Visitor: 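I am attaching a structure below and will ask some questions about it afterwards.
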Amino acid sequence: MLDPARMDDVLRRGGDVGAAVAAWRALDETRRRLQGQLDGHRAARNAANERMSKLDKKSPEFASARDELKALSTKIKEGEATLATIEAESSQKLLLLPNAPDASVPVGADESANTVLHVWGDKPTYDFQPQAHWDLGEALGILDFEAGVRIAGARFTVLRGAASKLTRGLINFMIDLHVGVGYDEVWPPAIVRRASLRGTGQLPKFEHDLFRLALPEGPDHDPDNDLFLSPTAEVQVTNLYADHIFEAGELPRSFCAYAPCFRAEAGASGSDTRGLIRQHQFDKVELVKFVAPETSYAELEKLREDAERVLQTLGLHYRTVTLCTGDISFTSAKTYDLEVWLPGQDRFREISSVSNFEAFQARRAKIRYRAATGDKPRAVHTLNGSGIAIGRTIVAILEQYQQADGSVVVPAALRPYVGGLERIVRS
RNA sequence: GGAGGAGUGGCCGAGUGGUCGAAGGCAGCGGUCUUGAAAACCGCCGAGCGCAAGCUCCGGGGGUUCGAAUCCCUCCUCCUCCGCCA
C-alpha cells in the first residue's frame, strides 16, 4: 500500500496516476470528516452509557435516557454504515495505486528507456548456426511440448530425461548457493489465500493473471477464503511474516524458497508461444528479504549480486538493466532485470527480476519492526528477486552450451547436482 | 468427511450484558540495592486512526441491545476422538 505521504512521488510514473491520486485525496478528506463526526457521536454515547450504568433500571430517568440514547444510537449506526462505504471505496482506491518509484529510477514510458547497468561475460561464438531451445530440446527428446498440450493444454510442457534431471538439480544447486551466503531455506505451500495476494500486491488489480481454485461455495461464501495457485513464491515467503512485528536486532532476514509458479498469462496470447519462455506453470527459486528501511537500497544491490551469482557460477553470459518508471511493476520502487543471452534467438531475455518494494508490501501485509525496544512499530522494507527462474535457466543452458552436433554440455558447477552428467545427447 | 471442545495483549490466563483496552502471572524496559551479576523491591510495558479532544480493535463477518469480550447466526483456525489417505 502506498504511503499517503508519498502521493507526490508516485506521480513520476506519469499516465493516469495523477487522476487516481486526486480521487483518493478527495475521498480521504471526506473520510476524515465523517470519522470526526462519528467519533463525536460515539464519545457522547459512551459518556451517556456510563451515566446510565449508575441509574436504577426501574427509574423513570433510566427509561427516558434510554429513549434518548436510542435515537443517538441510530444516528451512529447510520454514520458507521456511511463511513464503512467510504472507507471501502477509499481503501480500494489506495490498493489500486502503484508504488512510488525511487528517485534513482530513470524516467521513461517503456522498456526502451531502461538503462544497462553492466554486462557479464562475452557473447559466445559458434561456428554453426545456433538453434533455438525448442528445436534443440525436441531433437534431444527432453522437451515434449506435444505431451504438455495433450495433458493440460497450451503453455504446459513435459520435461523428459535430462531436462527433468536438470530441473531437480538446478533447484538444489540454487538453494545451496543461497543458503551458503546466509539465506534461510523454506518450502512453502503452492496455494495461497486472497489476503496473501493482497499483501504482496497481486490483488486486487491482477486477478485475471491468476488461477483461482473453483471450490464448492455455500450461500455464506466469503471471498476472503478463496484460494489461488501462487504465481510466485514471493507471495508465500513475504507473507511468512504478515501481521508480524520484528524486534530490534532481528533484521535483516533473508529467505530462499523453491515453489512451482502458476500464471494464467491472460492477454499474452500470441507472444512467446513457442518453447519454455512463457508457461502457465514454471519452477522458480525465489529470494526474499525483510530489512530496516534505511538499509533497503544497499540490500537491493546485495540481492542483485546474489541473483547474478547464479548466472556467473553457471557461466551464462547476461546483462543487468535498470528498469525505467514505465517498466517497473505496480508494486516496485526500483527493479533490476537480469537478462540472459539466448543465441538461438539472438537476443537477451529476462531470467530474473530483483526489486525493492520499500514499505509498499509491508504496509499491506502489516510487516513491521521496532528500531529499538519500546519504539513504535514501523513498516519494514521488503525486497525480492528470482534466484532464479528454472525453466528459463534450462533454456539458457541449452542455447548457450549447445554444440555443433546438437548435444549440450552441462555447466561444470551443475554436474554434481545431476549425477555427474557432462553432456546431454539424444538417448 | 462425522462427533465433541476451544479461540482474550509477545506468551500464559481471569473476565459470561454496564464504570473493561481488559485482573493476575511470565517475558521485556527503566530504577533502587550491589564491586558486578543474581535475588528482592518500585515504576513502565498491545495496536491502529486523528493536529487534538477523542475513537476503534478480545479469531473474521453479521445480528440482538440504550450498552457486547460476555447473548444469537455464520465463516475461519486449533485441539480430542472416529473414518479415509500420500
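Note: hydrogens, waters and symmetry copies are ignored here, and every other heavy atom, side chains too, is used. These numbers were taken from a predicted model, which means no experiment stands behind them. All chains are named by letter (A, B, ...) in the order of the sequence lines, taking the proteins before the strands, and each is independently numbered beginning at 1.
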Visitor: Side chain of A:Pro377: nearest nucleotide among B:rC66, B:rC51, B:rA47?
Guide: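 My answer, after comparing the listed nucleotides, is B:rA47.
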
Visitor: Considering only the C1' atoms, how many Å lie between B:rA39 and B:rC71, rounded to the nearest integer?
Guide: 48 Å

Visitor: Taking only side-chain nitrogens and oxygens of A:Arg193, does any of them come within less than 4.0 Å of OP1 or OP2 of B:rC76?
Guide: no

Visitor: By the 4.0 Å heavy-atom rule, please label A:Arg370 as base, sugar-phosphate, or nothing.
Guide: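 The residue A:Arg370 makes sugar-phosphate contact but no base contact.
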
Visitor: Does B:rG4 have a Watson-Crick or wobble mate here (both distances under 3.5 Å), and if so which one?
Guide: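 B:rC79 - that is the nucleotide pairing with B:rG4, both distances being under 3.5 Å.
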
Visitor: With RNA chain B as reference, determine whether A:Ala48 or A:Ala65 sits nearer its 5' end, using the nearest nucleotide of each.
Guide: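 This one resolves to A:Ala48.
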
Visitor: Measure from the side-chain heavy atoms of A:Lys54 and tell me the nearest of B:rC75, B:rU19, B:rC55.
Guide: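 Nearest to the side-chain atoms of A:Lys54, counting from C-beta on, is B:rU19.
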
Visitor: Counting only Watson-Crick or G-U wobble pairs whose two distances fall under 3.5 Å, which nucleotide matches B:rG30?
Guide: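 Here B:rG30 is engaged in a pair, and the nucleotide opposite it is B:rC42.
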
Visitor: Taking atom C1' in both B:rA69 and B:rC57, what distance in whole Å separates the two?
Guide: 11 Å

Visitor: From B:rU19, B:rG50, B:rC76, pick the nucleotide closest to the side chain of A:Glu50?
Guide: B:rU19

Visitor: Roughly how far apart, to the nearest Å, are B:rU32 and B:rC11 at atom P?
Guide: 32 Å

Visitor: With a 6.0 Å cut-off on ring centres, are A:Phe282 and A:Phe156 close enough?
Guide: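 Between A:Phe282 and A:Phe156, the centre distance exceeds or equals 6.0 Å.
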
Visitor: Of the nucleotides B:rU19, B:rA47, B:rC66, which has the atom closest to the A:Leu69 side chain?
Guide: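 For the A:Leu69 side chain, the nearest candidate turns out to be B:rC66.
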
Visitor: C1' atom, B:rU70 versus B:rU65: distance in rounded Å?
Guide: 13 Å

Visitor: For B:rG48 and B:rU35, measure between their C1' atoms and round to the nearest Å.
Guide: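 Comparing C1' positions in B:rG48 and B:rU35 gives a spacing of 47 Å.
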
Visitor: Out of B:rA47, B:rU19, B:rC76, which has the shortest distance to the side chain of A:Ile245?
Guide: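 The closest nucleotide is B:rA47.
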
Visitor: In terms of side-chain heavy atoms of A:Lys77, which of B:rC66, B:rG67, B:rC55 is nearest?
Guide: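 Taking heavy atoms from C-beta onward, the closest nucleotide is B:rG67.
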
Visitor: Rounded to whole angstroms, how far apart are CZ on A:Arg33 and C1' on B:rC49?
Guide: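 Distance check: A:Arg33 CZ to B:rC49 C1' gives 17 Å.
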
Visitor: Hunt down the Watson-Crick or G-U wobble partner of B:rC11, both distances under 3.5 Å, from any strand shown, or write none.
Guide: B:rG25

Visitor: Whether A:Lys376 contacts B:rA47 is assessed here as follows: a side-chain N or O lying under 4.0 Å from the phosphate OP1 or OP2. Is that the case?
Guide: yes

Visitor: Looking just at side-chain N and O atoms, do A:Tyr258 and A:Glu286 make a donor-acceptor pair shorter than 3.5 Å?
Guide: no

Visitor: Rounding to an integer number of Å, can you tell me how far A:Arg194 CZ sits from B:rC76 P?
Guide: 15 Å

Visitor: Where the side chain of A:Ala43 is defined as all heavy atoms beyond and including C-beta, which of B:rG54, B:rU56, B:rC51 is the nearest nucleotide?
Guide: B:rG54

Visitor: Please report, rounded to the nearest Å, how far the P atom of B:rA47 is from the CD atom of A:Glu247.
Guide: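 Roughly 10 Å, once rounded to whole Å.
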
Visitor: Would you say the side chain of A:Tyr401 lies within less than 4.5 Å of the side chain of A:Leu316, judging by non-hydrogen atoms?
Guide: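 Answer yes - side chains close enough.
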
Visitor: Mind calculating the distance between CZ (A:Arg45) and P (B:rC55) to the nearest angstrom?
Guide: 10 Å

Visitor: Ignoring hydrogens and angles, state whether a donor on the side chain of A:Thr200 or A:Glu234 is under 3.5 Å from an acceptor on the partner side chain.
Guide: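 Their side chains do not contain a donor-acceptor pair, so the 3.5 Å distance test is not met.
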
Visitor: A:Lys70 side chain: which of B:rC66, B:rG48, B:rC76 is closest?
Guide: B:rC66

Visitor: With nearest nucleotides of RNA chain B determined for A:Asp67 and A:Asn46 from heavy-atom distances, which residue corresponds to the more 5′ nucleotide?
Guide: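 Going by which nucleotide is closer to the 5' end, it is A:Asn46.
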
Visitor: Can you measure A:Glu80 atom CD to B:rC66 atom C1' for me and round it to whole angstrom units?
Guide: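 Atom-to-atom, A:Glu80 to B:rC66, this comes out as 14 Å.
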
Visitor: When you compare B:rG7 with B:rG83, how far apart are their C1' atoms, in angstrom units rounded to a whole number?
Guide: 26 Å

Visitor: Go through the steps to decide whether A:Ile86 and A:Arg33 satisfy the test side chain to side chain contact (heavy atoms under 4.5 Å, CB included), and finish with yes or no.
Guide: CA-CA 11 Å; A:Ile86 303 269; A:Arg33 203 186 64 244; over 6 Å; no

Visitor: Roughly how far apart, to the nearest Å, are B:rA40 and B:rG25 at atom P?
Guide: 13 Å

Visitor: Does one side chain, of A:Asn46 or A:Glu50, offer a donor that lies under 3.5 Å from an acceptor on the other?
Guide: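 Per modelled atom types, A:Asn46 and A:Glu50 side chains form no pair under 3.5 Å.
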
Visitor: On the ring face of A:Phe290, is A:Arg253 found with NZ or CZ under 6.0 Å from the centre and within 45° of the axis?
Guide: no

Visitor: For B:rC20, which nucleotide in any strand shown is its Watson-Crick or wobble partner with both distances under 3.5 Å?
Guide: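 By the stated definition (distances under 3.5 Å), nothing pairs with B:rC20.
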
Visitor: Whole angstroms only, please: what is the CG-P distance between A:Leu38 and B:rG50?
Guide: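 Between P of B:rG50 and CG of A:Leu38: 15 Å.
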
Visitor: Could you work out the separation of B:rA6 and B:rG61 based on their P atoms and round it to a whole Å?
Guide: 22 Å

Visitor: Reckon A:Asn225 touches a base, only the sugar-phosphate, or nothing at all at heavy-atom distances under 4.0 Å?
Guide: sugar-phosphate

Visitor: Whole angstroms only, please: what is the CG-P distance between A:Leu34 and B:rC55?
Guide: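 Taking atom P of B:rC55 as the reference, CG of A:Leu34 is at 18 Å.
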
Visitor: For B:rC66 and A:Arg51 - does any side-chain N or O of the residue sit under 4.0 Å from the phosphate oxygens OP1/OP2?
Guide: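 For B:rC66, neither OP1 nor OP2 has a side-chain N or O of A:Arg51 closer than 4.0 Å.
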
Visitor: Just N and O in the side chain of A:Arg368: are any of them under 4.0 Å from OP1 or OP2 of B:rG10?
Guide: no

Visitor: Rounded to the Å, how far apart are A:Asp243 CG and B:rG48 P?
Guide: 12 Å

Visitor: Looking only at side-chain N and O atoms, does A:Tyr369 offer a donor or acceptor that is under 3.5 Å from a partner on A:Asp375?
Guide: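 The answer is no; no qualifying pair exists.
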
Visitor: Is A:Ser73 close enough to B:rU65 that one of its side-chain N or O atoms is under 4.0 Å from OP1 or OP2 there?
Guide: no

